[in-house]
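Quick caveat: nothing in here was measured; it's all calculated off a predicted structure.
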Amino acid sequence: MNEEKLLRELADGNQKALEKIMKKYLGYVCTVARNFSRGALSEEDIDDISVEVFYGLWRCRRNLDTKSVLSAYLSAATRNAVKDRFREMPPPYEDITELEMLSDSLSTEDKAEFSIIMGCLNEGVKLLSPKEQEIFMRFYFYGEKSSHIAETMNISESSVRTDLHRIRAKLKKYMSERGYDYV
């Protein structure tokens, strides 16, 4: 059965047409979601997104152009669903004082000082806006590139770089005011 006929049947409310589309495109939708999220989502999230995409297809079935390319529509819907999922997720902020891996090679005295510095930095990070916290953590602790952060957060890459510059300045000032001028 060709796609145009399948889309016409879907528009008429034929649930069997939706089932055929799901059978044909489920793997494709999951792959798009996996690739677009760059491994940041669990398989459960990927499954949820695929359900959302096909449910969305069913909801807007009457408005679809039967001459459109279904894979292109599903790809766009999947990318939008992934973006929505990232917006719903809390920022990847975690308490940076728990970063023990950096202090493993330090003496006991240096570890204590490191712990104090990291505690101070953690307090400074908590004063940032949620958006700034997310950008800071994604860049410095998750190692994400500014282009990926921009894509994920749906902002421009230049905005990410500008925000990172401002965040560094804020944290430097915060640390300096507390006696950590060498940081």
Side-chain angles (χ1 to χ4, degrees), residues 1-96 98-99 125-126 128-167:
M1 178 180 299
N2 72 24
E3 243 179 49
E4 189 175 337
K5 183 177 178 189
L6 202 55
L7 286 171
R8 274 197 307 270
E9 288 181 12
L10 182 70
D12 292 337
N14 184 340
Q15 289 183 357
K16 294 285 184 196
L18 179 63
E19 290 172 15
K20 289 177 185 175
I21 291 170
M22 288 174 67
K23 185 175 181 179
K24 181 176 180 181
Y25 288 102
L26 179 61
Y28 175 74
V29 167
C30 290
T31 299
V32 170
R34 251 184 236 102
N35 291 343
F36 193 69
S37 69
R38 298 184 188 203
L41 297 175
S42 68
E43 282 304 309
E44 186 177 301
D45 287 329
I46 301 292
D47 290 343
D48 289 347
I49 286 171
S50 66
V51 169
E52 290 172 25
V53 167
F54 289 114
Y55 179 68
L57 177 66
W58 178 255
R59 278 194 340 253
C60 71
R61 67 187 181 276
R62 290 182 187 95
N63 300 328
L64 285 175
D65 179 5
T66 58
K67 302 217 186 287
S68 66
V69 178
L70 190 53
S71 60
Y73 172 84
L74 291 172
S75 177
T78 303
R79 288 191 312 272
N80 289 335
V82 169
K83 287 178 187 177
D84 290 344
R85 181 60 54 103
F86 281 134
R87 283 187 203 110
E88 294 168 3
M89 294 170 71
Y93 177 76
E94 54 191 47
D95 189 342
I96 60 177
E98 296 172 7
L99 293 173
V125 170
K126 286 180 181 178
L128 299 172
S129 72
K131 177 187 171 193
E132 290 171 327
Q133 288 180 15
E134 182 173 356
I135 290 171
F136 178 81
M137 296 306 290
R138 284 181 180 273
F139 188 81
Y140 286 105
F141 290 89
Y142 291 100
E144 293 182 14
K145 295 181 179 185
S146 56
S147 59
H148 183 251
I149 295 169
E151 187 177 317
T152 302
M153 295 180 68
N154 203 22
I155 55 178
S156 71
E157 188 175 355
S158 63
S159 176
V160 170
R161 287 193 297 263
T162 300
D163 286 344
L164 283 168
H165 177 76
R166 289 180 183 150
I167 291 165

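- Checked against side-chain contact (heavy atoms from CB on, under 4.5 Å), Asn154 has the following partners two or more places apart in sequence or in another chain: Lys83, Arg87.
- Residues passing the side-chain hydrogen bond (donor to acceptor under 3.5 Å, both in side chains) test with Glu157, sequence neighbours excluded: Ser146, Arg161.
- For Ser129, the side-chain hydrogen bond (donor to acceptor under 3.5 Å, both in side chains) partners at least two apart in sequence or on another chain are Glu132.
- Contact of the Thr152 side chain with the Arg138 side chain is registered, since non-hydrogen atoms from C-beta on lie closer than 4.5 Å.
- Distance NZ/Lys24 to CG/Leu74: 10.5 Å, rounded to 0.5 Å.
- Using a 4.5 Å cut-off on side-chain heavy atoms (C-beta onward), Leu128 and Ile167 make contact.
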Pairs under 3.5 angstrom only: tabulate donor-acceptor contacts from the side chains of residues 47-54 to other protein residues two or more places apart or in another chain.
unit_1: Ser50; atom_1: OG; unit_2: Asp47; atom_2: O; d: 2.7
unit_1: Glu52; atom_1: OE2; unit_2: Arg85; atom_2: NH2; d: 2.5

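- Remark: Glu44 engages no residue in a salt bridge (Lys or Arg N to Asp or Glu O under 4.0 Å) (not counting sequence neighbours).
- When all heavy atoms are compared, the tightest approach of Gly13 to Trp58 is O-CH2, 3.3 Å.
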Discussion item. Test side-chain contact (heavy atoms from CB on, under 4.5 Å) on Lys131 and Ile155; report intermediate values, then the result.
Written reply: CA-CA 11 Å; Lys131 177 187 171 193; Ile155 55 178; 4.1 Å; yes
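- Looking at residues two or more places apart in sequence or on another chain, you find no side-chain hydrogen bond (donor to acceptor under 3.5 Å, both in side chains) involving Gln15.
- To the nearest 0.5 Å, atom CG of residue Leu7 and atom CD1 of residue Ile21 are 5.5 Å apart.
- In this structure, Ser75 and Tyr28 approach most closely via the heavy-atom pair CB-OH, 3.4 Å.
- In terms of the side-chain hydrogen bond (donor to acceptor under 3.5 Å, both in side chains) criterion, residue partners of Ser156 (sequence neighbours excluded) are, by chain and number, Ser158.
- No side-chain heavy atom of Glu9 sits less than 4.5 Å from a side-chain heavy atom of Lys16.
- In this structure, Lys126 and Gln133 approach most closely via the heavy-atom pair O-NE2, 3.3 Å.
- Evaluation of the side-chain contact (heavy atoms from CB on, under 4.5 Å) rule for Lys23 yields no partner, not counting sequence neighbours.
- Of the inter-residue distances, the one linking Leu57 atom CG with Tyr25 atom OH reads 10.5 Å to the nearest 0.5 angstrom.
- Residues Asp45 and Ser42 are in side-chain contact: their nearest non-hydrogen atoms beyond the backbone lie under 4.5 Å apart.
- When the salt bridge (Lys or Arg N to Asp or Glu O under 4.0 Å) test is applied to Arg79, no partner is found at least two apart in sequence or on another chain.
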